[in-house]
Amino acid sequence: MNSHEAERNMNQKTITLDDLIPQNFDDVLMDVLEHRHSHYIFKGGRGSCKSSFVSIAIILLMTRPENKDKHCIIFRKTANTLRDSVFSQMQFAISALGLEPDFKCTVSPMKITYIPTGQVILFRGVDDKMKLKSLKAPFGYFAFSWLEEADTFSGMSEIRNILQSSMRGGSLFWCFMSFNPPISINNFMNEEVLIERADRFVHSSDYRTVPREWLGEQFFDEAEHLKATNEKAYRHEYLGEAVGTGGAVFEFLEFRTITDEEISRMDKIFQGVDFGYYPDPYAFIRAYYNAAKETIYLIDENYVNKQQNAVTGQWIKDKGYADYQVTCDSAEPKSVVDYRDMGISARGAIKGPGSVEYGMKWLQSRHIVIDMKRTPHTGKELKEYEYERDKDGVIISGYPDANNHGIDALRYAFEQFYNRRGNHA
């Protein structure tokens with residue numbers, strides 16, 4: 001029987017898998033249901049439906065009578081990102097398949113239970129070490145595991161440790177990993193998918209195989225816009241290609257003179273501050289963003305050591321830069337208050353698990369124009385900033401917390417574009 005002949009009844013309306021899964025997932029769905037492999041890696045660009053597919057595949061597997069002793073555990077790098085991502089994704093799959101009466105979803109603890117059998121789906125953040133140590137199925141074993149955004153983990157060593165803890169106690173396993181390929185071709189996940197294993201299926205996808213009505217016309221318009229304005233960024237974000245050639249984090253840098261006449265036409269300014277004193281410097285950045293061209297222009301900076309808030313704040317006022325809000329490092333709330341007391345519209349950045357990664361990914365996808373006479377320190381940071389490497393020299397996904405003060409200020413400046421609820425998927 002073809003997988004797309006399977007049907008569910010939801011609210012007296014017949015729903016087929018054709019309504020839920022793009023056709024380019026047909027072969028891998030049959031492969032999963034027939035357990036031809038134990039490891040499945042799904043890589044693809046934005047809107048490729050890879051996460052939707054994995055969630056639906058897990059529910060289809062769990063509800064099969066022969067799998068009534070098999071449970072599922074889902075991992076992300078940080079625990080605080082679970083609820084709005086994979087937990088919601090699993091709820092979507094249950095609803096789409098018309099199985100809501102058969103499942104109980106609870107947030108505290110975060111767990112989904114298949115009522116007819118008592119099977120569970122658990123959710124864990126790798127940063128919660130204590131919960132990782134206490135992995136135990138109520139009966140049977142964890143046959144199904146899913147590592148979402150696998151590229152955010154700290155390399156294959158960490159992933160192997162996770163799987164060694166979860167893939168035990170049974171005879172059949174399905175391990176799913178999904179990720180949007182990082183820009184660097186040398187990233188550990190981009191390299192891992194090139195390694196052939198007899199028990200592994202690697203699947204690639206992008207938005208072009210998804211029905212337009214699923215994503216909406218605006219999604220396709222945005223993709224075409226980026227394709228026209230920054231083809232390399234389009235290939236990375238929407239087609240899931242690793243377009244970077246090495247370890248550089250920022251690939252879309254343009255070094256040239258920015259004229260005063262250009263700046264006079266810039267009507268929306270963004271400013272950020274990374275507080276420091278010594279040895280870490282204080283960094284202020286003033287920038288312009290042309291959304292139509294997905295381009296950031298660095299206008300000015302203040303990059304100094306051993307200066308009090310009164311001095312750096314006065315510099316902002318003397319330069320006339322109190323005309324726009326300044327988003328500051330929230331680790332120093334007193335410094336933010338000092339700026340406000342001086343008449344500067346300052347606010348603390350909204351931080352939290354994953355905020356650095358999401359901010360960096362947003363900046364990476366933008367074309368950044370740098371005039372080294374105007375912003376020499378931030379320009380140098382952007383040009384020299386590279387991914388971290390493990391002891392064997394292999395690139396991992398972590399961003400080094402060093403020589404990045406201007407970069408942090410830039411990330412704070414544009415926080416409103418990436419740090420919104422639901423904007424991380």
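This is a predicted model, so every value here is computed, not measured.
His236 places no side-chain N or O within 3.5 Å of a backbone atom of Val243 that could act as its donor or acceptor partner. Remark: the backbone N or O of Asn230 is not paired with any side-chain donor or acceptor of Glu294 at under 3.5 angstrom. At least one donor-acceptor pair under 3.5 Å links the side chain of Asn190 to the backbone N or O of Ser184. Counting only distance, with no hydrogens or angles, the side chain of Asn305 and the backbone of Pro279 share a donor-acceptor pair below 3.5 Å. In this structure, the side chain of His71 engages the main chain of Val120 through a donor-acceptor pair within 3.5 Å. Distance alone, capped at 3.5 Å, is enough to place a donor-acceptor pair between the Gln271 side chain and the Tyr324 backbone. No side-chain donor-acceptor contact under 3.5 Å links Thr375 to the backbone of Met372. Using a distance-only test at 3.5 Å, with no hydrogens or angles considered, no donor-acceptor pair links the side chain of Gln325 to the main chain of Arg347. Using a distance-only test at 3.5 Å, with no hydrogens or angles considered, a donor-acceptor pair links the side chain of Glu381 to the main chain of Gly406. Between the Ser88 side chain and the Arg83 main chain, a donor and an acceptor come within less than 3.5 Å of each other.
When all heavy atoms of Val336 and Asp329 are compared, the pair lying nearest together is CG2-O, 4.2 Å. When all heavy atoms are compared, the tightest approach of Tyr282 to Gly276 is CB-O, 3.5 Å. Contact between Cys175 and Met167 at its shortest, heavy atoms only, is CB-SD, 4.0 Å. Nearest approach of Val202 to Arg200, heavy atoms of both residues: CG2-CD, 3.7 Å. Heavy-atom minimum distance, Leu20 versus Trp214: C-CH2, 3.4 Å. A pairwise comparison of heavy atoms in Ser355 and Arg411 identifies O-NH1, 4.2 Å as the closest pair.
The salt bridge (charged side-chain N to carboxylate O under 4.0 Å, His left out) search around Glu254 returns Arg256, not counting sequence neighbours.
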Just do the side-chain contact (heavy atoms from CB on, under 4.5 Å) check on Cys72 and Met62 with the steps written out, would you?
CA-CA 8 Å; Cys72 177; Met62 284 191 68; 4.0 Å; yes
Please step through side-chain contact (heavy atoms from CB on, under 4.5 Å) for the pair Tyr114 and Leu99, ending with a clear verdict.
CA-CA 10 Å; Tyr114 183 43; Leu99 295 174; 5.9 Å; no
Check step by step if side-chain contact (heavy atoms from CB on, under 4.5 Å) holds for Phe179 and Val193.
CA-CA 11 Å; Phe179 75 106; Val193 296; 4.0 Å; yes
Salt bridge (charged side-chain N to carboxylate O under 4.0 Å, His left out) between Arg286 and Asp323, worked out:
CA-CA 11 Å; Arg286 181 176 172 93; Asp323 54 346; 3.1 Å; yes
CA sep, side-chain torsions, deciding dist, call: Tyr399, Tyr387, ring-ring contact (aromatic ring centres under 6.0 Å, His included):
CA-CA 6 Å; Tyr399 297 104; Tyr387 285 104; 5.8 Å; yes
Starting from the C-alpha separation in whole Å, work towards a yes-or-no answer on side-chain contact (heavy atoms from CB on, under 4.5 Å) for Leu298 and Leu410.
CA-CA 9 Å; Leu298 304 191; Leu410 189 63; 3.6 Å; yes
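One finds a salt bridge joining Asp260 and Arg374 here, because a Lys/Arg side-chain nitrogen approaches an Asp/Glu carboxylate oxygen to under 4.0 Å. Salt bridge Arg76/Asp84: absent, no basic N to carboxylate O contact under 4.0 Å. Taking 4.0 Å as the cut-off between side-chain N and carboxylate O, Glu237 and Arg46 count as a salt-bridged pair. A salt bridge does not link Lys373 to Asp371: none of the charged nitrogens lies less than 4.0 Å from a carboxylate oxygen. In summary, Glu192 and Lys43 do not engage in a salt bridge, as defined by a charged side-chain N under 4.0 Å from a carboxylate O. Ion pair Lys361/Glu357 not flagged as a salt bridge, since none of the NZ, NE, NH1 or NH2 atoms sits closer than 4.0 Å to an Asp/Glu carboxylate oxygen.
A cation-pi contact, defined as under 6.0 Å to the ring centre and within 45° of the axis, links Arg212 to Phe220. Cation-pi geometry between Lys227 and Tyr238 is not satisfied (NZ or CZ under 6.0 Å from the ring centre, within 45° of the ring normal). Relative to the ring axis of Phe75, Arg124 does not place its NZ or CZ within 45° and under 6.0 Å from the centre.
In this structure, the side chains of Tyr297 and Glu262 come closer than 4.5 Å at one or more pairs of heavy atoms. You'll find the side chain of Arg36 reaches within 4.5 Å of the side chain of Met30, heavy atoms only. In this structure, Phe103 and Met90 have side chains that are not in contact, with every pair of non-hydrogen atoms separated by 4.5 Å or more. Using a 4.5 Å cut-off on side-chain heavy atoms (C-beta onward), Ile296 and Leu363 make contact. With a 4.5 Å cut-off on side-chain heavy atoms, Gln23 and Thr209 do not count as touching. Between Ile94 and Ile112, the closest side-chain pair of non-hydrogen atoms falls below 4.5 Å. In this structure, the side chains of Tyr339 and Thr312 come closer than 4.5 Å at one or more pairs of heavy atoms. Counting only heavy atoms from C-beta outward, the side chains of Leu29 and Leu60 approach each other to under 4.5 Å.
Distance check, rounded to the nearest 0.5 Å: CH2 of Trp174 to OG of Ser145 gives 11.0 Å. We find the CG-CD1 distance between Asp401 and Ile407 to be 10.5 Å, quoted to the nearest 0.5 Å. Going from atom OG1 of Thr63 over to atom CD1 of Ile58 covers 11.5 Å, rounded to the nearest 0.5 Å. One distance of note links CD1 of Ile258 with CD1 of Ile263; it measures 6.0 Å at 0.5 Å rounding. Note that the CE atom of Met110 and the CG atom of Leu82 stand 5.5 Å from one another [nearest 0.5 Å]. Ser165 contributes atom OG, which lies 9.0 Å from atom CD1 of Ile73 (distance to the nearest 0.5 angstrom).
Residues His203 and Tyr40 place their aromatic rings such that the two centres sit no closer than 6.0 Å. For Tyr288 and Phe270, the ring centers are positioned 6.0 Å apart or more.
Legend: salt bridge (Lys or Arg N to Asp or Glu O under 4.0 Å) pairs involving residues 266-275, not counting sequence neighbours: none detected. Contacts classified as ring pair (Phe, Tyr, Trp, His ring centres under 6.0 Å) and involving residues 301-320 (residues at least two apart or in different chains) are given here: Phe284-Trp315, Tyr303-His377, Trp315-Tyr321.
Aromatic ring orientation, Phe25 versus Phe53: parallel (interplanar angle below 30°, classes split at 30° and 60°).
Within a 6.0 Å sphere centred on CD of Glu196, heavy atoms belonging to other residues, nucleotides or ligands number 12 at most. Summarising the local packing, CD of Gln308 is surrounded by 12 or fewer heavy atoms from other residues, nucleotides or ligands at distances under 6.0 Å. Atom CG of Asn161 is surrounded by more than 12 heavy atoms from other residues, nucleotides or ligands within 6.0 Å. Atom CG of Asp341 sits in a crowded spot, with more than 12 heavy atoms from other residues, nucleotides or ligands closer than 6.0 Å.
There is a side-chain donor-acceptor pair under 3.5 Å between Asn309 and Ser335.
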